[in-house]
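Here's the structure we're looking at; comments come further down.
Below, each value reflects all heavy atoms present in this structure, side chains not excepted, and no hydrogens, waters or symmetry copies. Sequence lines set the chain letters: A, B, ... in the order given, protein chains first and strands last, and positions in each chain run from 1.
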There are 2 protein chains.
Amino acid sequence: MKSIQHRSDCPISYTLDILGDKWMLLILRDMIFAEKESYKEFMQSGEGIATNVLADRLSILETEKFITKKVSPANKKSFVYRLTDKGITLIPLIMEITLWGSAFNPKGGNKELLKKLKKDKEGVVAEFTAKMKERTFKSVARV
Amino acid sequence: MKSIQHRSDCPISYTLDILGDKWMLLILRDMIFAEKESYKEFMQSGEGIATNVLADRLSILETEKFITKKVSPANKKSFVYRLTDKGITLIPLIMEITLWGSAFNPKGGNKELLKKLKKDKEGVVAEFTAKMKERTFKSVARV
DNA sequence: ATAGTTCCTTGCTATTTGCAAGTAAAAGAA
DNA sequence: TTCTTTTACTTGCAAATAGCAAGGAACTAT
């Protein structure tokens, strides 16, 4: 139950108080692009997050309602993390970050996706938004 | 001369290694929206940055070529900080952050600008890009 | 000459990070 | 059933970073 203090009402400051941390958006990246959903999978990302920091950030993301945590139906000792509708609204922002990063560091990233993103940003946002909406716990429960 | 270490070639990780800090984008915000350009002006922002942190971040922004520093022509003890062309490329990202923040925290921000931004994002980006390009040191020198 | 202004630097304490190790609880293997 | 492994953490500790208050250097205004 770790939450966040806001320093001002400025929209940018408000956003950065939540997401202006190197790890927050990397976790969300893994959920969106790599469809990761467990602690173990998040740990395996190339950037090497420390276990305590991962636990801390997951807790904040949950408190701030960007993600939801549920016991895995397949494996009771494992949890499944999924984006909420609020979390899904970050997709346009994440795509913009991706675009900027790929322009100034052309080495990394999925070439095909980047090409598509440069051509049709709105389309890619819509595509990933739809994909993530399908994975939401709410809609899974409705099936 | 303080620079940055990159943890991976992922475009998102690359971007966050530079900008994934609560202060970096607030300084850029002040340059873009409030047209601030001096140490003193940056210090006066509502969020209350510490002097050593401001000096540190300005140094990184300069090393990474997002901004340029020059002695003020009006006052030799004062420096003028201005965006470079690279810094200007962050405007779309900053607008996206503004949009997200204003959706989830409707209290703050310039209402008129936000309204325009929601209607015509591309237009607002173009407008601010042009405005900042005019303030660049290179073009000022050309006058 | 004196008093401010501006852009920092320094010193100190408190918080946060990163690393290594440990724990608890369920799952799979013998 | 017992032993080992897996998963998701927590804990402890050293090192880095942040925040706060004060100080200094170089100009400027009076």
Side-chain angles (χ1 to χ4, degrees), chain A residues 1-8 13 16-27 30-31 34-64 67-82, chain B residues 1-8 13 16-27 30-31 34-64 67-82:
Chain A
M1 274 285 179
K2 217 173 162 179
S3 73
I4 276 170
Q5 290 279 84
H6 288 285
R7 291 168 296 180
S8 86
S13 177
L16 295 174
D17 286 336
I18 305 171
L19 302 167
D21 168 88
K22 306 207 178 196
W23 297 115
M24 287 293 200
L25 286 163
L26 290 183
I27 295 171
D30 286 348
M31 297 183 84
E35 293 175 36
K36 291 186 182 177
E37 55 183 27
S38 69
Y39 189 94
K40 190 192 173 190
E41 288 172 312
F42 298 133
M43 280 307 299
Q44 287 161 357
S45 294
E47 291 85 8
I49 189 168
T51 56
N52 56 346
V53 176
L54 176 57
D56 178 79
R57 296 305 188 276
L58 285 173
S59 151
I60 294 174
L61 285 170
E62 204 191 347
T63 310
E64 300 291 334
I67 63 175
T68 320
K69 179 184 185 177
K70 282 208 173 171
V71 175
S72 165
N75 186 341
K76 277 192 184 171
K77 81 194 159 198
S78 180
F79 292 99
V80 178
Y81 296 92
R82 292 273 175 87
Chain B
M1 274 286 179
K2 216 173 164 178
S3 73
I4 276 171
Q5 289 279 84
H6 288 286
R7 292 168 296 181
S8 86
S13 177
L16 295 174
D17 286 335
I18 306 171
L19 303 167
D21 168 89
K22 308 208 178 196
W23 297 114
M24 287 293 199
L25 286 162
L26 290 183
I27 296 170
D30 287 347
M31 296 182 86
E35 293 175 35
K36 291 186 182 178
E37 54 182 28
S38 69
Y39 189 94
K40 189 192 174 191
E41 287 172 312
F42 298 132
M43 279 308 299
Q44 287 161 356
S45 294
E47 290 85 9
I49 191 169
T51 56
N52 55 347
V53 176
L54 177 57
D56 179 79
R57 296 305 188 276
L58 285 173
S59 152
I60 294 174
L61 285 170
E62 204 192 346
T63 310
E64 300 291 333
I67 63 174
T68 319
K69 180 185 185 177
K70 283 210 174 170
V71 174
S72 166
N75 186 340
K76 277 192 187 174
K77 80 192 159 199
S78 180
F79 292 99
V80 178
Y81 296 91
R82 292 272 175 85

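In this structure, A:Gln5 places its CD atom 13 Å from P of C:dT15, rounding to the nearest Å. The distance between atom CG of A:Leu54 and atom P of C:dT16, rounded to the nearest whole Å, is 18 Å. Between B:Glu47 atom CD and D:dG19 atom P the separation is 12 Å, expressed in whole Å. Atom-to-atom, NZ of B:Lys76 to P of C:dC8 comes out at 17 Å; the value is rounded to the nearest Å. As rounded to whole Å, 14 Å separates atom C1' of C:dC8 from atom CD1 of B:Ile27. To the nearest angstrom, P of D:dT17 lies 13 Å from CG of B:Asp17. B:Met24 places its CE atom 13 Å from the P atom of D:dT17, with the value rounded to the nearest Å. A straight line from CD1 of B:Ile49 to C1' of D:dA21 spans 17 Å, rounded to a whole angstrom.
Where A:Trp23 and A:Ala74 meet DNA chain C, the nucleotide closest to each residue was compared, and A:Trp23 sits on the side nearer the 5' end.
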Exercise. Would B:Glu41 and B:Asp30 count as a side-chain contact (heavy atoms from CB on, under 4.5 Å) if you check the C-alpha gap in whole Å, the side-chain angles of each, and the deciding distance to 0.1 Å?
Worked result: CA-CA 9 Å; B:Glu41 287 172 312; B:Asp30 287 347; over 6 Å; no
Problem set entry | Derivation of the side-chain contact (heavy atoms from CB on, under 4.5 Å) call for B:Lys36 and B:Tyr81 | CA-CA 8 Å; B:Lys36 291 186 182 178; B:Tyr81 296 91; over 6 Å; no
For this session: Go through the steps to decide whether B:Ile60 and B:Ile18 satisfy the test side-chain contact (heavy atoms from CB on, under 4.5 Å), and finish with yes or no.
Result: CA-CA 9 Å; B:Ile60 294 174; B:Ile18 306 171; 5.6 Å; no
Seminar exercise, completed: Scoring nucleotides 6-11 of chain D by protein non-hydrogen atoms under 4.0 Å (B base, S sugar-phosphate only, - none) yields BSSBBB
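The minimum heavy-atom distance linking B:Met43 with B:Ile49 is given by the pair CE-O, 3.2 Å. Listed here is the closest heavy atom pair of A:Ser3 and A:Thr63: CB-CG2, 4.0 Å. The two atoms that bring A:Gly20 and B:Lys22 nearest to each other are O-CG, 3.3 Å, heavy atoms only.
Taking 4.0 angstrom as the limit, A:Arg57 places none of its side-chain polar atoms (N or O) nearer than this to OP1 or OP2 of C:dT16. The phosphate of D:dG19 has neither OP1 nor OP2 within less than 4.0 Å of any side-chain N or O from A:Arg7.
Each of A:Trp23, A:Tyr39, A:Phe79 was compared with A:Leu58 under the side chain to side chain contact (heavy atoms under 4.5 Å, CB included) criterion, and only A:Tyr39 meets it.
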